[in-house]
**Student:** 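This is the structure I want to talk about, given as structure tokens.
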Amino acid sequence: MSLIQRYRGYLPVGPSTPIISLGEGATPLVAADRLRAVAGIPPRVLLKCEGTLPTGSFKDRGMTMAISKAVELGARGVMCASTGNTAASAAAYAAKADLPCVVLIPGGAIALGKLSQACTHGARVLAVKGNFDDCLPIVVELTEKGDFALVNSINPYRLQGQKTAAFEICDALGCAPTYHAIPVGNAGNISAYWMGFTEYREAGVTRTTPRMLGFQAAGAAPMVLGHPVARPETIATAIRIGNPANWEKARRAIDESGGRIDSVTDDEILEAYEMLARLEGVFCEPASAASVAGVLKLSRAGYFDGADDAVVTCTLTGHGLKDPDTAMKRAERPKEIEATSEAVLRAVGLGEKMEALTT
Ligand code: F0G
């Protein structure tokens, strides 16, 4: 069942809304017990693995709504600015809906997997000499004037779709988590989750809402600093944003929930990225690891002390395959060997042990 069908009662869709779906929704919520034990994190930690969505990121939840509504409202095409994942998702759903798609990306600053998706789905991809914050106002201007629909997260249907991740978490747990940790870029997703958590409480499905914990990359942390950042820099290119469009909404989510916004350095992001891959078997992209990096940071600072009965859910926003370059810059390269079993044993350092077993 598509996400729109499943949560229809909570979404602004009617009988005449076409459902443009790639089978999104129902992503796994995976217990991170090894990571929790190694890092000594007091609450239970669960990972909402959004990399398993059709185009490999959480954007598909919002895009099924945005593109379905664009078709319903008669848009002639769709347009977005993107650090990569929105572009990939918009391109795929636009292809499915037979709508032209134009994406503006910061030139040279988006991960290879995402670029390959947008280009292969047939979007017109334009590499702008500037960053994400330079791209978005151009898209706003052009879509206000023309009949292409804007599908960035300032499109309210995007957040409507994305809030369903909060529903899924509550449905899986049977209640709301105590804390929810999430990376923050343009600040749409944290706002969407908060909308989802509060709607479920208002509907009586849950009794509580979590404290929202938002994490920005240290080199792109306008909400932590309290002012826009002119030249955002981080290895987590997905969240390399200096002036988030949903700043106010996100601020409200953090304040109303009793949560906090914090920053994590690139080293902290990469530490979490590797721990997730090696301890949990979960390969996410660097920006996604910001949520877990933030939980590790807060845990070390004693924020969760005494919260052993609590549950912290962390959104892992995108799949690790989105950014193969970052992965291979850090990983050990394959060793070249002769095609013999002896060479294999020598290379993996097991030669003597294996001989001992066979003699
Ligand atoms: N994680 C990933 C993997 C992302 O791609 C993004 C945003 C975020 C986190 C932050 O979410 O913007 O709602 O706060 N990517 C956008 C894009 C900006 O263009 O793909 P946010």
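Model, not experiment: these values are computed from the prediction. As the structure lists them, so they are numbered: ligands from 1, and atoms in each ligand from 1. Every heavy atom of this structure was used, including side-chain atoms; hydrogens, water molecules and symmetry mates were not. Residue indices begin at 1 and follow the sequence shown.
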**Student:** Using atom types as modelled and distance alone, determine if a side-chain donor or acceptor of Arg124 lies under 3.5 Å from a backbone N or O of Val103.
**Tutor:** no
**Student:** Heavy-atom distances under 4.0 Å decide this one: backbone, side chain, both or neither, for Lys59 against ligand 1?
**Tutor:** side chain
**Student:** So Lys163 and Glu199, salt bridge (charged side-chain N to carboxylate O under 4.0 Å, His left out) or not? Walk me through it.
**Tutor:** CA-CA 9 Å; Lys163 76 183 178 187; Glu199 283 184 13; 2.8 Å; yes
**Student:** State, without any angle test, whether Gln216 and Ser263 hold a side-chain donor-acceptor pair at a distance under 3.5 Å.
**Tutor:** no
**Student:** With heavy atoms only and a cut-off of under 4.0 Å, state how Lys322 meets ligand 1: side chain, backbone, both or neither.
**Tutor:** neither
**Student:** Write out the residue and atom name of the closest protein heavy atom to atom 8 (C) of ligand 1, then the distance separating them to 0.1 Å.
**Tutor:** Ile239 CG2, 3.5 Å
**Student:** List the closest protein heavy-atom neighbour of atom 11 (O) of ligand 1: residue, atom name, distance to the nearest 0.1 Å.
**Tutor:** Phe58 CZ, 3.5 Å
**Student:** For ligand 1, which atoms sit closer than 4.0 Å to a heavy atom of Ala238?
**Tutor:** 2 (C), 3 (C), 4 (C), 5 (O), 6 (C), 7 (C), 15 (N), 18 (C)
**Student:** Are any of the N/O atoms on Pro183, whether in the backbone or the side chain, positioned under 3.5 angstrom from an N/O atom of ligand 1?
**Tutor:** no
**Student:** Heavy-atom contacts with Ile241 under 4.0 Å: which atoms of ligand 1 show up? List them by number with element.
**Tutor:** 18 (C)
**Student:** Which ILVMFWY residues are connected to Val13, directly or by a chain of links, through side-chain heavy atoms under 4.5 Å apart?
**Tutor:** Leu3, Ile4, Tyr7, Tyr10, Leu11, Ile19, Met65, Leu73, Tyr157, Phe167, Tyr200, Val205
**Student:** For atom 18 (C) of ligand 1, what is the nearest protein heavy atom, given as residue, atom name and distance?
**Tutor:** Thr83 OG1, 3.5 Å
**Student:** Do Ser288 and ligand 1 have an N or O pair less than 3.5 Å apart?
**Tutor:** no
**Student:** Sub-3.5 Å donor-acceptor pair from the side chain of Arg8 to the main-chain atoms of Gly14, do we have one?
**Tutor:** yes
**Student:** So, Glu268 side chain and Thr265 main chain: donor-acceptor pair closer than 3.5 Å or not?
**Tutor:** yes
**Student:** Let me know which of Glu50, Lys59, His319, Lys322 forms a side chain to side chain donor-acceptor pair (under 3.5 Å) with Asn85.
**Tutor:** Lys322
**Student:** Testing the 3.5 Å rule here: is there a donor-acceptor pair between the side chains of Thr120 and Gln117?
**Tutor:** no
**Student:** Name the one of Val311, Leu46, Thr313, Thr209 that satisfies side chain to side chain contact (heavy atoms under 4.5 Å, CB included) with His180?
**Tutor:** Thr313
**Student:** Under 4.0 Å, heavy atoms only, figure out whether ligand 1 is touched by the backbone of Ile190, its side chain, both or neither.
**Tutor:** neither
**Student:** Counting non-hydrogen protein atoms only, what is the nearest one to atom 20 (O) of ligand 1? Give residue, atom name and distance.
**Tutor:** Thr86 N, 2.8 Å
**Student:** Filter on ring-ring contact (aromatic ring centres under 6.0 Å, His included), then keep only pairs touching residues 92-135, sequence neighbours left out; what's left?
**Tutor:** none
**Student:** Which atoms of ligand 1 have any heavy atom of Val184 under 4.0 Å away?
**Tutor:** 14 (O)
**Student:** Which of the atoms in ligand 1, numbered in the order shown and given with their element, are less than 4.0 Å from a heavy-atom of Glu285?
**Tutor:** 3 (C)
**Student:** Nearest non-hydrogen atom to atom 21 (P) of ligand 1 belongs to which of Leu159, Ile182, Thr317, Asn186?
**Tutor:** Asn186
**Student:** Looking only at protein heavy atoms, identify the closest one to atom 5 (O) of ligand 1 and say how far it is in Å.
**Tutor:** Asn85 ND2, 2.8 Å
**Student:** Could you list which atoms of ligand 1 come closer than 4.0 Å to a heavy atom of Gly188?
**Tutor:** 13 (O), 14 (O), 21 (P)
**Student:** Should the proximity of Asn246 to ligand 1, defined as any heavy atom under 4.0 Å, be assigned to the side chain, the backbone, both, or neither?
**Tutor:** neither
**Student:** Could you tell me whether Ala187 approaches ligand 1 through its side chain, its backbone, both or neither, with non-hydrogen atoms closer than 4.0 Å?
**Tutor:** backbone
**Student:** For atom 13 (O) of ligand 1, what is the closest protein heavy atom, and at what distance to 0.1 Å?
**Tutor:** Asn189 N, 2.8 Å
**Student:** Using a strict 4.0 Å cut-off to heavy atoms of Ser82, name the atoms of ligand 1 that fall inside it.
**Tutor:** 17 (C), 19 (O), 20 (O)
**Student:** I need the single residue from Asp134, Val139, Leu136 that forms a side chain to side chain contact (heavy atoms under 4.5 Å, CB included) with Leu104. Which is it?
**Tutor:** Val139
**Student:** Can a donor-acceptor pair be found between the side chains of Arg158 and Ser153 at a distance below 3.5 Å?
**Tutor:** no
**Student:** If we ignore hydrogens and angles and just use 3.5 Å, is the side chain of Arg240 paired with the main-chain N or O of Pro232 as donor and acceptor?
**Tutor:** yes
**Student:** With respect to Lys114, determine whether any N or O atom, backbone or side chain, lies less than 3.5 Å from an N or O atom of ligand 1.
**Tutor:** no
